[in-house]
Amino acid sequence: MTSRLDGPLKVTGQAKYGADNNLPGMVHGYIVVSTIAHGEIQAMDVTAARGAPGVIDVYSPFDPLDLRTPNTQFGETWVPLQDKEVTYYGQPIGLVVAETYEQARDAAMTVTVTYHERPAQTSLADGLPSAEDAPPGFDGSPSTMALLKPGVSSIEDALAASPVVVEATYSTAPQNHAAMEPHSAVATWDSDGLTVYSGNQGANLQALELAQALDTDLSAVRSLNPFVGGAFGGKGRTSAAAFLAAAAAKTIGRPVKVVLSREQVFTATAGRAATIQNIALGAAADGSLIAIRHDSWCSTAMDRSFVEPTSHSTREYYAAENLAISQKMVPLNIPPTTFMRAPGEAPGSFALESAIDELAVALNMDPIELRMKNDSTAPLGRDLLWSGKHLDECFRVGADRFGWANRTPHGHTDGDWLVGMGTATAMFPALRFPASVEVTLRDDDTAEVATSGSDPGTGLLTVLALVGAESLDIPPAQVTPRLGDSALPPGGMSAGSTGTASVGSAIMIAATQLVDELLALASSPGAPFEGMEVSYAEGRVLASGRAMTFGELLRAVNRRSMSAVGSSSPGEELTKHSFSSFGAQFCEVRVHKLTREARVSRMLGVFDAGRIINAKAARSQIIGGMIWGVSAALHESMEIEENGRLANTDLAGYLLPVNADIAEADVHFVEYPDTLHNTVGARGIGEIGTVGMAAAVANAVYNATGIRIRHIPIMIEDLLA
Ligand code: MOS
């Protein structure tokens, strides 16, 4: 139970986020965005803007900043102003730089743009006929696949032969990450090169993208993100703000700050795709699954740069004799889509876990019993067993704690409220990325654990201190963690729920090596333990009844410090097991008899995610995810008008839950360290908290009202019937 180390700095306003940096001579850039969804820019009249007070320069596709398209292991990242094509409403098409933010903003409002407009396709439903096959999933698995029992000729035959079949179409709304900190950057050049302060999910990746975009040596680019005000996948790629600030600062020769307005965050970054999913489940009378078919369509931007893979994870959930999945994408004139917390799994689990609930109703079976009946020991079609799976225990513990036994098939009433309970399975793959960490011992008996990476609110900074302290066998208070600086060893991305497993493994390697070097130093010629058998415990070197702290030893040999870098990557374990975290989501929903408002009154998630490093932060992380699931179920939707304009680009119109919307939320972990996955034994908890929760809400709504809603968000008008 450790409070996050950066907590006091954050709540007292001392933490400096990207845009909090103000440099001498700094000027301000304001982005101009398109007001059509599809077409070509014919002209931009910037005369008034150039003549406006304080304006230094105006950039546009006619007078662009020099930027190249970066291409890293995560693919290409779009850079603004390089051509005159407009493919969505709200696309960055210009930058006005002035002495103050207000001057830049006011001048930007005077820019007039003439377009050659073309028809825009903005509706996923209308675009279905132009759907394209999606490329393979993140793990390389094909977008369309069927795993059929020998003798079964098609999934349709397997469904036709099933005694009980449910089939339905589900849909989910597009979402924006809505991180508290808008995307921003402060960029400055000096004789050493470029320094950029900008919140993102991986300092070294941002440095790499900026170096490529600006055609600069990587060693001359420094990216700093010690504090990040939320990311959730939306700050994985370098933002338009950072590219433009860096390029403008180079051209102008002064530091430049660019901050997106909240409205611009909705379009000039990227969000979660809308999805439509058709699921058919065929079962025997006892509930055993005979066939699962999951066909998905997601919206994607015209550059087809991201697919929301809702069908892929379905092969991981249940044992079934036959499975067929397909994943299609529909290119639309909409803002880009990208990773958002549990990409694929979050909207995919809404559909699958709603369908499982529908099957339980059709079978007249308890939905937990149905899920346990079809518990799998490995992903379908793969031989590798899960390294550990305690989903049954999650359901058992959760059902007890939540009072599931009090649930009836048709809910109950409490005064004017119809009350129902719902449940769902949550899964998220356990992954690791390559990471390097430097561990340093100092002569004042403190240690430092440093990696470039990012703590976008996940608690990774505190994890560095905790795992560092454990690895060095010293109290956490003696360890200083450092994060968010591309000059530090490459720490990978805070993405894919990988941070703790990736960085933690590297810390353990570095610490082991460092202790070995310390012992070698202690017994070396001229050192205090020359020629002796030495050992290490509790921060001290020991030999024949004598002990010295590492600080004392370093002082004795006139060393200020010693360091080791540890690197870890996913490896051999991938050939031996499948890895995933699991969870059981529970929620209680109350629907008012007359007003039909739906409120989640209680929720509980029980998770099997390997070892939990920091119980306090883990609980917050999971509760945040569960609230996000409620938010997807009852609140969030980006409303796209026919012309491609987003109608609700602010936090008044884009509904997010506030404290008054969220009642009791509880989390419990069944803790089985997974050392088959990595030496730390932690499997990652960043994303799984949101998976399944939207389905649990919809299932509870059904239990309370008898009304099955197959789209999210669920609105009052859906429940009027
Ligand atoms: Mo997160 S959606 O894995 O960046």
Side-chain angles (χ1 to χ4, degrees), residues 72-75 77 137-139 172 174-181 183 198-206 208-209 225 228-239 242 265 269-273 275 298 300 305-310 312-313 335-350 426-435 452-460 463 483-484 491-503 570 579-581 609 621-622 624-629 631-632 636 682-694:
T72 68
Q73 73 262 38
F74 295 99
T77 297
F138 306 135
D139 61 354
T172 65
Q175 290 175 286
N176 184 267
H177 303 81
M180 274 199 284
E181 179 200 23
H183 298 61
S198 178
N200 67 81
Q201 290 173 240
N204 50 305
L205 186 70
Q206 173 153 286
L208 180 62
E209 291 196 320
N225 57 326
V228 184
F232 316 112
K235 290 176 185 159
R237 298 296 180 79
T238 301
S239 70
V265 168
T269 66
R272 190 190 309 268
T275 78
C298 69
T300 189
S305 57
F306 185 79
V307 173
E308 182 84 23
T310 45
H312 284 92
S313 58
T337 60
T338 191
F339 301 93
M340 182 186 289
R341 203 174 200 173
E345 285 85 2
S349 64
F350 166 68
M427 287 185 66
F428 194 82
L431 309 166
R432 278 203 290 151
F433 291 150
S452 56
S454 156
D455 182 340
T458 55
L460 187 61
V463 164
L483 197 59
M493 284 257 275
S494 269
S497 303
T498 59
T500 298
S502 309
V503 166
F579 300 97
S580 183
S581 288
Q621 177 78 321
I622 292 281
M626 289 164 62
I627 291 171
W628 202 332
S631 184
E636 285 181 56
R683 274 202 303 245
I685 50 169
E687 296 169 85
I688 192 171
T690 198
V691 181
M693 190 42 92

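Counting starts at 1 for both ligands and their atoms, in listed order. FYI, side chains are in, hydrogens and waters are out, and symmetry mates aren't considered; it's all heavy atoms of this structure. We number each residue from 1, following the sequence as shown.
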Counterpart residues, side chain to side chain donor-acceptor pair (under 3.5 Å), relative to Asn204 (two or more places apart): Ser452
If you look at each N/O of ligand 1, which protein N/O atoms lie under 3.5 Å away, and at what distance?
| unit_1 | atom_1 | unit_2 | atom_2 | d |
| --- | --- | --- | --- | --- |
| ligand 1 | 3 (O) | Gly496 | N | 2.5 |
| ligand 1 | 3 (O) | Glu687 | OE1 | 3.2 |
| ligand 1 | 3 (O) | Glu687 | OE2 | 3.2 |
| ligand 1 | 4 (O) | Gln201 | NE2 | 2.8 |
| ligand 1 | 4 (O) | Gly233 | N | 3.4 |

Result of checking Gln206, Glu181, His183 against Lys235 for side-chain hydrogen bond (donor to acceptor under 3.5 Å, both in side chains): Glu181
Set of salt bridge (Lys or Arg N to Asp or Glu O under 4.0 Å) partners for Arg272, sequence neighbours left out: Glu308
Distance-only polar pair, side chains of Gln201 and Ser454, donor-acceptor under 3.5 Å: no
Distance in Å, Glu687 CD paired with Thr458 OG1, rounded so as to fall on 0.5 Å steps: 11.0 Å
Please tabulate, for side-chain N and O atoms in residues 336-346, each donor-acceptor pair with protein atoms closer than 3.5 Å (sequence neighbours left out).
| unit_1 | atom_1 | unit_2 | atom_2 | d |
| --- | --- | --- | --- | --- |
| Arg341 | NE | Gly686 | O | 2.9 |
| Arg341 | NH2 | Gln621 | O | 3.2 |
| Arg341 | NH2 | Gly686 | O | 3.1 |

